[in-house]
2 protein chains.
Amino acid sequence: MSISFDAPSTPEDEVPRVMRIGEVAELTGTTPRTIRYYEEIGLLAGGTDRQLGKHRCYSHGDVERIQEIVRLKDLLGLSLEQLSQLLEAETARADIRREFQATDDPERQRELLLQSRGHIDTQLGLVRGRIAELSRLEADLSARAQRVRDRLEALS
Amino acid sequence: MSISFDAPSTPEDEVPRVMRIGEVAELTGTTPRTIRYYEEIGLLAGGTDRQLGKHRCYSHGDVERIQEIVRLKDLLGLSLEQLSQLLEAETARADIRREFQATDDPERQRELLLQSRGHIDTQLGLVRGRIAELSRLEADLSARAQRVRDRLEALS
DNA sequence: ACTGATCCTTACGTGAACGTCAGATTATCA
DNA sequence: TGATAATCTGACGTTCACGTAAGGATCAGT
């Protein structure tokens, strides 16, 4: 709980703080176990560089990624297996960004961007499909509510 | 597969056909086991009148109810336990309708209708909340897609 | 260097939501 | 009145997504 006074008023970003699993769990509304599990099944990168037994390190970007996973899982009702497939392209996002910045070949950059776009569009499709289904459900429920209102009115 | 020719062109309603569990399972995209399970945990009425060992009988209304259960479960991501609570008022819907039609007391009728309205409104609240969350997600994804488009454009 | 807090790995346990199988029973139709 | 298909009631098995506990190591502050 003791916050370092060397990093005053931590503006939540800018400073690339290094966090550990407990903190990440709290920030994402999960638990350490869950995060390790996601790493275990390949949903999270799980740094190939960490020595066995050492503590896991996370960045603010990692937190965002986990939050997105949780969001997609809950809102789309996907299994972790399905999420893995959906995000498998994005899993290598760090790598992609690295390669993107490394290469000077505009053709290659274009290719990477197109890949990213396809990935996002897939997610958008799923989200919009979900919204459509829920809208139908809302319409059905509204109709029902209207019928009840009518009958209430007819009673007075 | 052999359809009775006594019921020509079955218009899907009007005729109160009596169905058995296998047919209901197909119509609802579930399995007999699932339907029995739902009955077991009190999510479905499970006729108190059926004799032990006899086949279960279902009406078209039962099919609709099961379809709605599946829909709420999938789209809202609720557990069967939560669904039981959410629908517990509606579970007695048949009883309510019966009482509604039986009584002449308009005050009682009004009460039953208000109850029904509250129930529907609760569901509507959940559905709209879900839609709101998904809309936020869609906005986030759209923003990301836009950024990628911009960079693609900047490349040409 | 010590210490308390947090984290590590390993492994077994758990609840939800069914799947599956066996053996008996019930319904339908020729 | 059989024969065939579908259903019945247990009861145990399974998968997913973690929970939990044990025994030991790591890290931050003093």
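Hydrogens, waters and symmetry mates play no part in the numbers below; they use all other heavy atoms, side chains included. Lettering of chains follows the sequences in order, A, B, ..., and the numbering in each one begins at 1.
- B/I69 has its CD1 atom 12 Å from the P atom of C/dA17, to the nearest Å.
- In this structure the side chain of A/D140 reaches within 4.5 angstrom of the side chain of B/R71, judged on heavy atoms.
- Applying the 6.0 Å contact sphere to CZ of B/R110 captures no more than 12 heavy atoms from other residues, nucleotides or ligands.
- We find that CD of B/E40 is positioned 13 Å from C1' of D/dC8, with the value rounded to whole Å.
- Between the P atom of D/dC27 and the CE atom of A/M19 lies a distance of 17 Å, rounded to the nearest Å.
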query = Tell me, for nucleotides 11-19 of chain D in 5' to 3' order, what letter each nucleotide earns: B for a base near a protein heavy atom under 4.0 Å, S for only sugar-phosphate near one, - for neither?
reply = ------BBB
Report, one pair per line, the protein and nucleotides 2-5 of chain D atoms (nitrogen or oxygen only) whose separation is under 3.5 Å.
none

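- The CD1-P distance, from B/I35 to D/dT7, rounds to 10 Å in whole Å.
- For B/R56, a side-chain nitrogen or oxygen approaches OP1 or OP2 of D/dT9 to under 4.0 Å.
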query = After noting the C-alpha distance and the side-chain angles of B/Q115 and B/H119, does the key distance pass the side-chain hydrogen bond (donor to acceptor under 3.5 Å, both in side chains) rule?
reply = CA-CA 6 Å; B/Q115 204 172 314; B/H119 169 236; over 6 Å; no
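- Nearest heavy atoms, A/L114 versus B/L152: CD2-CD1, 3.8 Å.
- Within 6.0 Å of CD in B/E40 there are more than 12 heavy atoms belonging to other residues, nucleotides or ligands.
- Around atom CD of B/Q146, more than 12 heavy atoms belonging to other residues, nucleotides or ligands sit under 6.0 Å away.
- D/dC27 atom C1' lies 14 Å from atom CZ of A/R50, rounded to whole Å.
- Taking 4.5 Å as the limit, every side-chain heavy atom of B/R130 sits out of range of all side-chain heavy atoms of B/L75.
- Residues A/R144 and A/R147 meet the side-chain proximity criterion, which asks for heavy atoms closer than 4.5 Å.
- A salt bridge is defined here as a Lys NZ or Arg NE, NH1 or NH2 lying under 4.0 Å from an Asp or Glu carboxylate O, and B/E68 with B/K73 fails to meet this definition.
- Counting only N and O atoms by type, the side chains of A/D105 and A/Q109 include no donor and acceptor under 3.5 Å apart.
- A salt bridge between A/E111 and A/R108 is present, with a side-chain N of the basic residue lying under 4.0 Å from a carboxylate O of the acidic one.
- Between B/L52 atom CG and C/dT25 atom P the separation is 12 Å, expressed in whole Å.
- The overall bend of the helix from C/dA1-D/dT30 to C/dA30-D/dT1, read as the angle between its terminal helix axes built from five base pairs each, is 30° when rounded to 10 degrees.
- Applying the 4.0 Å criterion to OP1 and OP2 of D/dA28, one finds that A/R20 has a side-chain N or O inside that range.
- Nucleotide D/dT7 holds its P atom 14 Å from the CD atom of B/E39, rounded to whole Å.
- Between A/R36 atom CZ and D/dA21 atom P the separation is 14 Å, expressed in whole Å.
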